[in-house]
Amino acid sequence: KNITASTLSAKLEKTIEKDFQACEELLRTGAGRNEWVEKNCQRMKSWQEAAEAGDARGQLLYGLCYDYGHGVKEDQKKAVKWFTKSAEQGNAQGQFSLGQCHYGGFGVKEDEEKAVKWFTESAEQGNAQGQFNLGQCYQNGWGVTKDLKKAVEWFTKSAEQGHEEGASSVNELERELHLFAKLTAEVAQKITGGDRKSTRLNSSHVVISYAVFCLKKKRKGRETKAP
């Protein structure tokens, strides 16, 4: 998202907008940007020029060069520097990228709460990858109180934009919630002996049933590198 009017030359504006939108499309579907940056980093000088002129899109693109080490020596701290400049201007892709740095400890101290902050800002602007990552945080309780309902909401928003993992995560969570509800009902049946008058379920049994459920299912591991 380009918040302010461009001050770039017409030729540079065309290059930056085209390249930025190419990265936007990759994130929309859940694909990574690494290979794209590697193949297109011959335009890094243009990205640098735009970045130094204060363009949030250029700052994001130039930061990706340092993030992946294409066209320049990999330098996570410099990547964070440029992602921060982009994010602070309100660029949703810059916000997502900065969130990933805080999440994985790339060029900055690992901080899941800060990651959630930036994922949220990105997600609320409609960035599909930001929405997916925020859903993961709510699903697993990373930097935020675990909330499966919110996880489903954000995965759904991501999926509606065509994000493949967002779609699969919605289906996975809905199955999990269904299985958990079934398991809880079975535990309640055993505790109450089928007596409908026993309306209160001991909370410890609910916790135990949920713990057993979590142990039985396979969770996807945390990502180690930003898309």
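Residue indices begin at 1 and follow the sequence shown.
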Flag side-chain contact, heavy atom, 4.5 Å: Trp47 against Leu60: no

Gly130 to Ser122 - nearest heavy-atom pair and separation: CA-OG, 3.9 Å

CG-CD distance between Leu27 and Gln161, expressed to the nearest 0.5 angstrom: 10.5 Å

Centroid-centroid distance, Tyr103 to Trp142, less than 6.0 Å: yes

Gln95 side chain vs Gln125 backbone, donor-acceptor pair below 3.5 Å: no

For Ser158 against Ala128, the heavy-atom pair lying closest together: OG-O, 3.0 Å

Lys/Arg cation over aromatic Trp36: Lys39, 6.0 Å, 45° cone: no

Interatomic distance, Leu61 atom CG to Asp19 atom CG [nearest 0.5 angstrom]: 6.0 Å

Derivation and outcome, side-chain hydrogen bond (donor to acceptor under 3.5 Å, both in side chains), residues Asn127 and Gln93: CA-CA 7 Å; Asn127 184 277; Gln93 194 178 155; over 6 Å; no

Student check: side-chain heavy atoms of Trp118 and Phe96 closer than 4.5 Å: no

Residues Lys18 and Glu13 bridged, charged N to O under 4.0 Å: no

Evaluation steps, salt bridge (charged side-chain N to carboxylate O under 4.0 Å, His left out), between Lys149 and Asp147: CA-CA 5 Å; Lys149 183 178 179 181; Asp147 189 326; over 6 Å; no

Side chain Glu112, main chain Gly143, donor-acceptor under 3.5 Å: yes

Beyond-backbone contact of Leu148 with Tyr138, side-chain heavy atoms, under 4.5 angstrom: no

Side-chain heavy-atom pair Tyr68, Glu74 within 4.5 angstrom cut-off: no

Pairs meeting criterion salt bridge (Lys or Arg N to Asp or Glu O under 4.0 Å) with involvement of residues 115-127, two or more places apart: Lys117-Glu121

Ala51 backbone acceptor or donor facing Asp55 side chain under 3.5 Å: no

Min side-chain heavy-atom separation Trp154-Phe132 under 4.5 Å: no

Pairwise distance SG(Cys41) to CG(Leu64) - rounded to 0.5 angstrom: 11.5 Å

Atom pair CD (Glu17) and CG (Leu12), whose distance is rounded to the nearest 0.5 Å: 11.5 Å

Pairwise distance CD(Gln139) to NZ(Lys146) - rounded to 0.5 angstrom: 7.5 Å

Approximate separation, where rounding is to 0.5 Å, of Gln100 CD and Phe119 CZ: 4.0 Å

Donor + acceptor pair across side chains of His70, Asn40 (<3.5 Å): no

Pair Gln59-Glu52, side-chain donor/acceptor within less than 3.5 Å: no

Set of ring pair (Phe, Tyr, Trp, His ring centres under 6.0 Å) partners for Tyr62, sequence neighbours left out: Tyr66, Trp82

Test item: Gln131 and Phe155 side chains (from C-beta on) under 4.5 Å apart, heavy atoms: no

Residue pair Cys65 / Gln48, side-chain heavy-atom distance below 4.5 Å: no

Asp111 with Lys109: basic N within carboxylate O range, under 4.0 Å: no

Test salt bridge (charged side-chain N to carboxylate O under 4.0 Å, His left out) applied to Glu25 - qualifying residues, sequence neighbours left out: Arg28

